[in-house]
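In what follows, a structure is listed as structure tokens, so that the remarks can point back to it.
Whatever order the structure lists them in is the order used to number ligands and atoms, beginning at 1. Basis for what follows: all heavy atoms, side chains included, without hydrogens, waters or symmetry-related copies. Everything numeric here is computed off the predicted structure, so don't read it as measured data.
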Amino acid sequence: MNIHILTIFPEMFQGPMSSSIIGRACQKGLLSIEPHNLRDYTKDKHRQVDDTPYGGGAGMVMKAEPFFEALTELTGSPKQKKVGRKIIMLTPQGATFTQKKAQELATMSEIIFLCGRYEGIDERVRQTWVDEEISIGDYILTGGELATMVIIDALVRFLPGALGDEMSAQEESFSDGLLEYPQYTKPATWQGMTVPAPLLSGHHEQIRKWRRKEAFKRTYQFRPELLRGRSLSIEDQILFAEALQELGM
Ligand SMILES: Nc1nonc1C(=O)NC1CCNCC1
């Protein structure tokens, strides 16, 4: 997968995108991440990327030209849609990013992220080039760069070979629609708090059931809406009932 990022702050990506799992995935050749400085696509001596909004009002708007120049260089023309490529704009009015969307994006061969700053990007960029608008939440950031990094961080986990233990991407929260069960590591007792006995039993089936029941407890307590309308297997119905009983419901 090739990721291109159009931004006026390419340097923001150096640390996070070259560290840990993401950095290792790039070194393994599973993906490439290439920020492009929009100022390199300006034609004036001041390398201007923004200007005042038509109609007045506070703040500045990002000019269309640098985006058009960069996207033309990267893709040819807006009409040249390519299977497996998405041009994504980060914006609060986009669809809220989810684990399911992360998994879907991980199947793409190329993604181009458009990072806005200031009051936003000239509308003609969205009209002409953008395939999808994504928001990482209902709040206003100073730019789309951190949102882009959040999305890359979430999707990289679904690239085959990116994680040491492939299963953890599947087992983690939201992968099967439930929140994560509690995790423990050594020592077995810490400041008088002990690890739950099933986890010390070495009995894999017991451990699996305990984890599933704890996931039901957490989901019911913190994100009950994830359970609404969900069809459960017979085993899950039993475990969910036990979870509610243990919660005193
Ligand atoms: N929330 C968001 N999810 O993606 N992008 C988001 C965002 O707030 N972008 C800013 C909006 C104002 N202009 C600068 C960028």
Atoms in ligand 1 with a heavy atom of [X] nearer than 4.0 Å:
{"X": "I140", "answer": "8 (O), 12 (C)"}
{"X": "I136", "answer": "3 (N), 4 (O)"}
{"X": "Y139", "answer": "1 (N), 8 (O)"}
{"X": "I134", "answer": "4 (O)"}
{"X": "G137", "answer": "1 (N)"}
{"X": "L90", "answer": "4 (O), 5 (N)"}
{"X": "G116", "answer": "14 (C), 15 (C)"}

**Asked** Under the 3.5 angstrom rule, does the side chain of Q206 hit a backbone N or O of H203 as a donor-acceptor pair?
**Response**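 A pair under 3.5 Å: no.
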
**Asked** Is there a donor-acceptor pair under 3.5 Å between the side chain of S233 and the backbone N or O of D236?
**Response**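 A pair under 3.5 Å: yes.
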
Donor-acceptor contacts, no H, no angles, side chain residues 3-18, under 3.5 Å, sequence neighbours left out:
from : atom 1 : to   : atom 2 : distance (Å)
H4   : ND1    : H36  : NE2    : 2.8
T7   : OG1    : F9   : N      : 2.8
T7   : OG1    : E145 : OE2    : 2.6
S18  : OG     : Q14  : O      : 2.5
S18  : OG     : G15  : O      : 3.2

Which residue and atom name correspond to the protein heavy atom nearest [atom], and how close is it?
{"atom": "atom 10 (C) of ligand 1", "answer": "L141 O, 3.4 Å"}
{"atom": "atom 12 (C) of ligand 1", "answer": "Y118 O, 3.7 Å"}
{"atom": "atom 9 (N) of ligand 1", "answer": "P92 CD, 3.9 Å"}

**Asked** For atom 4 (O) of ligand 1, which of T91, D138, I121 has the closest heavy atom?
**Response**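 Looking at heavy atoms only, T91 sits closest to atom 4 (O) of ligand 1.
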
**Asked** Just going by heavy-atom distances, which of C115, A147, G143, G120 is nearest to atom 15 (C) of ligand 1?
**Response**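 Considering heavy atoms of C115, A147, G143, G120, the nearest to atom 15 (C) of ligand 1 sits in G143.
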
**Asked** Are the side chains of L178 and L226 in touch, meaning some heavy atoms are under 4.5 Å apart?
**Response**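 Of all side-chain heavy-atom pairs linking L226 with L178, none is under 4.5 Å.
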
**Asked** Heavy-atom contacts under 4.0 Å between S135 and ligand 1: side chain, backbone, both, or neither?
**Response**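 For S135, the contact with ligand 1 is made by both the backbone and the side chain.
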
**Item:** Which segment of T142 sits under 4.0 Å of ligand 1 when only heavy atoms are counted
**Value:**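 Looking at T142 and ligand 1, just backbone atoms fall under 4.0 Å.
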
**Asked** Taking atom OG1 of T142 and atom OH of Y118, what is their separation to the nearest 0.5 Å?
**Response**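 Nearest 0.5 Å value for the OG1-OH distance: 10.5 Å.
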
Take atom [atom1] of [X] as the centre, draw a 6.0 Å sphere, and report whether it contains more than 12 heavy atoms from other residues, nucleotides or ligands.
{"X": "R47", "atom1": "CZ", "answer": "yes"}
{"X": "K79", "atom1": "NZ", "answer": "no"}
{"X": "D44", "atom1": "CG", "answer": "yes"}

**Asked** Any idea how F68 and W129 line up, ring-wise: parallel (<30°), tilted (30 to 60°), or perpendicular (>60°)?
**Response**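 Ring orientation of F68 relative to W129: perpendicular.
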
